[in-house]
Amino acid sequence: EPEVTQTPSHQVTQMGQEVILRCVPISNHLYFYWYRQILGQKVEFLVSFYNNEISEKSEIFDDQFSVERPDGSNFTLKIRSTKLEDSAMYFCASSLAGLSSYEQYFGPGTRLTVT
Amino acid sequence: QKEVEQDPGPLSVPEGAIVSLNCTYSNSAFQYFMWYRQYSRKGPELLMYTYSSGNKEDGRFTAQVDKSSKYISLFIRDSQPSDSATYLCAMTRDDKIIFGKGTRLHILP
């Protein structure tokens, strides 16, 4: 069964450093998403991406964040100058269609720890 | 008022019992209503989705939506220890999913 994969599973970085979280969505999916979940909090939408551009982003997704689909398979989230409060689980998701976005498939997540 | 409200629990029930999980919401613009299951340190897994008011059944799971009351429920029949997880209600608005905080469920053997 096809699945979304994410690397690394755990990333530790120092405050102020840049990190890149990587995702490989399901191969025939067209819409891609990033969510984050701070420990003990709810899963929060960050950004959606379609046709090589951002289609929607939340207020969390400020100038320190960027997303890219550098090739036909990877989808990345870059966080510039990480802060302590960026520590969270980051989930990538993908879906075949945007309007039926209920059917988003989530990856296992990357746990980001900023020290 | 939060867009989606969900009691975080934990909720502990004996094996074989019927489980009822609920969420309320405030935004009439929500389109699809979903339930996700999330095991510890894993990503959310879609269990069921519904679009209109009413019931939808899938095996031991029944999802119920009442749009007039802005209330959704998930019922689990014949609960098993493997059902122990966090259950997230979620709703779509435009191209994104808005999640509830999740209810931690423990099924006691």
Side-chain angles (χ1 to χ4, degrees), chain A residues 1 3-6 9-10 21 23-26 29-51 53-61 88-113, chain B residues 1-10 21-27 29-53 56 58 61 63 65 67 72 74 85-104:
Chain A
E1 186 177 320
E3 58 182 17
V4 176
T5 59
Q6 289 185 243
S9 57
H10 188 195
L21 309 182
C23 168
V24 178
I26 293 173
H29 284 186
L30 302 174
Y31 293 79
F32 314 111
Y33 312 84
W34 283 102
Y35 293 82
R36 81 170 184 191
Q37 186 176 31
I38 295 170
L39 187 65
Q41 305 288 320
K42 65 178 183 177
V43 177
E44 298 174 289
F45 169 81
L46 290 178
V47 66
S48 58
F49 190 86
Y50 169 70
N51 200 25
E53 57 184 37
I54 291 172
S55 49
E56 191 160 358
K57 60 183 181 179
S58 72
E59 57 276 5
I60 303 168
F61 194 88
M89 283 288 287
Y90 287 82
F91 295 106
C92 173
S94 69
S95 66
L96 188 55
L99 288 178
S100 58
S101 61
Y102 60 84
E103 206 157 6
Q104 293 182 21
Y105 292 85
F106 283 75
T110 292
R111 184 154 60 103
L112 177 64
T113 302
Chain B
Q1 185 182 9
K2 292 179 183 174
E3 279 195 295
V4 180
E5 301 244 27
Q6 183 175 13
D7 186 337
L21 304 166
N22 311 294
C23 285
T24 58
Y25 64 95
S26 58
N27 191 337
F30 286 132
Q31 297 155 310
Y32 286 91
F33 304 87
M34 297 90 74
W35 286 95
Y36 282 81
R37 179 174 60 197
Q38 186 178 23
Y39 292 112
S40 182
R41 299 189 182 277
K42 299 289 186 185
E45 172 195 358
L46 179 65
L47 278 177
M48 296 186 70
Y49 70 90
T50 55
Y51 180 75
S52 54
S53 283
K56 182 176 180 180
D58 183 1
F61 298 90
V65 173
K67 287 190 173 182
I72 70 170
L74 178 71
T86 297
Y87 289 79
L88 315 174
C89 65
M91 298 157 202
T92 65
R93 176 164 49 79
D94 302 317
D95 198 26
K96 61 184 179 186
I97 297 177
I98 309 297
F99 284 91
K101 201 169 179 181
T103 299
R104 278 191 297 138

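The basis for the numbers below is simple: all heavy atoms, side chains too, and nothing from hydrogens, waters or symmetry mates. Chain letters run A, B, ... following the sequence lines, proteins first, then strands; residues in each count from 1.
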Gap between atom [atom2] of [Y] and atom [atom1] of [X] - 0.5 Å precision:
| X | Y | atom1 | atom2 | result |
| --- | --- | --- | --- | --- |
| Met34(B) | Glu103(A) | CE | CD | 10.0 Å |
| Tyr36(B) | Phe106(A) | OH | CZ | 5.0 Å |
| Glu56(A) | Arg93(B) | CD | CZ | 7.0 Å |
| Leu88(B) | Gln37(A) | CG | CD | 7.0 Å |
| Phe91(A) | Gln38(B) | CZ | CD | 5.0 Å |

Check: So which part of Glu44(A) gets closer than 4.5 Å to some heavy atom of chain B, the side chain, the backbone, both or neither?
Finding: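 For Glu44(A), no heavy atom lies under 4.5 Å from chain B.
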Checklist line | Contact winner vs chain A - Pro44(B), Gly102(B), Gly43(B), Pro8(B), heavy-atom pairs under 4.5 Å | finding: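 The candidate making the most pairs under 4.5 Å is Pro44(B).
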Checklist line | Qualifying residues under ring pair (Phe, Tyr, Trp, His ring centres under 6.0 Å), relative to Tyr50(A), sequence neighbours excluded | finding: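 Only Tyr31(A) meet the ring pair (Phe, Tyr, Trp, His ring centres under 6.0 Å) criterion with Tyr50(A).
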Notebook entry, point to check: In terms of heavy-atom contacts, does NZ of Lys56(B) have more than 12 from other residues, nucleotides or ligands at under 6.0 Å?
Noted result: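 Enclosed.
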Notebook entry, point to check: Is the number of heavy atoms from other residues, nucleotides or ligands under 6.0 Å of Tyr51(B) OH greater than 12?
Noted result: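 No, because the 6.0 Å sphere around OH of Tyr51(B) holds 12 heavy atoms or fewer from other groups.
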Margin query: So, using salt bridge (Lys or Arg N to Asp or Glu O under 4.0 Å) as the criterion, who are the partners of Glu45(B) when residues are at least two apart?
Written below: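 Listed in chain order: Arg37(B).
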Item checked: Sub-4.5 Å side-chain heavy-atom contact between Gln6(B) and Lys42(A) ->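 When only atoms from C-beta onward are counted, Lys42(A) and Gln6(B) do not touch, as no gap falls below 4.5 Å.
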Item checked: Among Leu46(B), Ile97(B), Thr92(B), the one residue meeting side chain to side chain contact (heavy atoms under 4.5 Å, CB included) with Gln104(A) ->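 That would be Ile97(B).
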